[in-house]
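Quick caveat, the model's predicted, so the values are computed rather than measured. Numbers here are sequence positions counted from 1.
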Amino acid sequence: KLALKRREHTTVAPAMQHTVNARLGDVADLLGFDLASPATGRTVNITLYWRARQETSTSYKVFVHLLDAKAAIWGQRDAEPGNGAAPTTSWIPGEIISDTYSIPVQPDAPPGEYDIEIGMYSLPSGARLPVTNETGQPIDDHLILGRVAVVQ
């Protein structure tokens, strides 16, 4: 017996700690994010808030990286939105998607400040979506959201 689980769709944006207003291709707007610095352990938790721009038949993965000053990756999480429960192929125009990631920090990462880099890419090509600001000016194929403190 196969049980199908339907995902709720909402067009109401929740309150968020930080607003961003960046566009990833024609797929999504990143409205903002919530960030919890690691108080215990070595995990960074972030929730991204997406607004779907249009329907897409391409399933995109989100990447979240923790980068040091030399852009070396010290933590990474790649997944379909909603940990696979809200793939971009299921998004409807105007829908708001709350998308949470727990990024494990590598055990040998020195304590300090790390940049948080995010973006989206398609499989199997690995091609990243271009990122633009709210006026359409190109930024890159990724976005630096800010910094987070990593503690021992």
Could you walk me through whether L31 and V20 satisfy the side-chain contact (heavy atoms from CB on, under 4.5 Å) test, starting with their C-alpha distance in whole Å, then the side-chain angles of each, then the deciding distance to 0.1 Å, before giving a yes or no? CA-CA 5 Å; L31 301 177; V20 176; over 6 Å; no
What one should report as the nearest heavy-atom pair of T43 and V105 is N-CG2, 4.4 Å
Looking at OG1 of T135 and CD of Q137, how far apart are the two atoms once the value is rounded to the nearest 0.5 Å? 4.5 Å
Shortest non-hydrogen contact from P107 toward R42: O-NH2, 3.7 Å
Walk me through it: do L66 and D115 pass the test side-chain contact (heavy atoms from CB on, under 4.5 Å)? CA-CA 6 Å; L66 299 179; D115 286 332; over 6 Å; no
Within the 4.5 Å heavy-atom criterion, are D99 and V62 side-chain neighbours or not? yes
Interatomic spacing from OG1 in T88 to CE in M120 - rounded to 0.5 Å: 6.5 Å
Smallest separation among heavy atoms of T100 and T47, with atom names: OG1-OG1, 2.8 Å
Scan the side chains in residues 79-87 for donor-acceptor partners under 3.5 Å anywhere in the protein, sequence neighbours excluded, and list what turns up.
residue : atom : partner : partner atom : Å
E80     : OE2  : S59     : OG           : 2.3
N83     : OD1  : R77     : NH2          : 2.6

Please report the interatomic distance CG(D26) to CZ(R53), rounded to the nearest 0.5 Å. 6.5 Å
Could you walk me through whether H9 and T11 satisfy the side-chain contact (heavy atoms from CB on, under 4.5 Å) test, starting with their C-alpha distance in whole Å, then the side-chain angles of each, then the deciding distance to 0.1 Å, before giving a yes or no? CA-CA 7 Å; H9 298 276; T11 56; over 6 Å; no
I'd like to check the ring pair (Phe, Tyr, Trp, His ring centres under 6.0 Å) partners of F33; sequence neighbours left out, ordered by chain and number. H18
Apply side-chain contact (heavy atoms from CB on, under 4.5 Å) to I73 and D68, showing your working. CA-CA 7 Å; I73 297 174; D68 67 13; over 6 Å; no
Report whether Y101 and Y49 are members of the same hydrophobic cluster (ILVMFWY, side-chain heavy atoms less than 4.5 Å apart, transitive linking). no
Measuring only between side-chain heavy atoms, which start at C-beta, is I116 closer than 4.5 Å to L35? yes
Kindly compute the distance separating CG (L67) from CD1 (I144), expressed to the nearest 0.5 Å. 5.5 Å
Are side-chain heavy atoms of E55 and P93 found at a separation under 4.5 Å? yes
For a 4.5 angstrom cut-off between non-hydrogen side-chain atoms, does P111 reach V150? no
Distance (rounded to the nearest 0.5 Å) between T132 OG1 and N21 CG: 11.0 Å
Counting only heavy atoms not in R51, do more than 12 fall under 6.0 Å of its CZ? no
Are D78 and H65 packed together at the side-chain level, in the sense that at least one heavy-atom pair is separated by less than 4.5 angstrom? yes
Can you find a pair of side-chain heavy atoms, one from N45 and one from S102, that are under 4.5 Å apart? yes
Minimum heavy-atom separation for P14 and M16, please, with both atom names. O-CE, 3.3 Å
Can you find a pair of side-chain heavy atoms, one from I96 and one from V12, that are under 4.5 Å apart? no
Rest of the hydrophobic cluster containing F63 (Ile/Leu/Val/Met/Phe/Trp/Tyr, side-chain heavy atoms under 4.5 Å)? Y121, L123
D29 side chain to W50 side chain, donor-acceptor N/O pair below 3.5 angstrom: no
Tell me the closest heavy-atom pair linking E95 and E8, and the distance in Å. OE2-O, 4.1 Å
Are the side chains of I118 and L30 in contact, using a 4.5 Å heavy-atom criterion? yes
Minimum heavy-atom distance L129-G25, with the two atoms named: CB-N, 4.1 Å
Taking V64's backbone N and O only, do any of them form a donor-acceptor pair with E117's side chain (distance below 3.5 Å, no angle check)? no
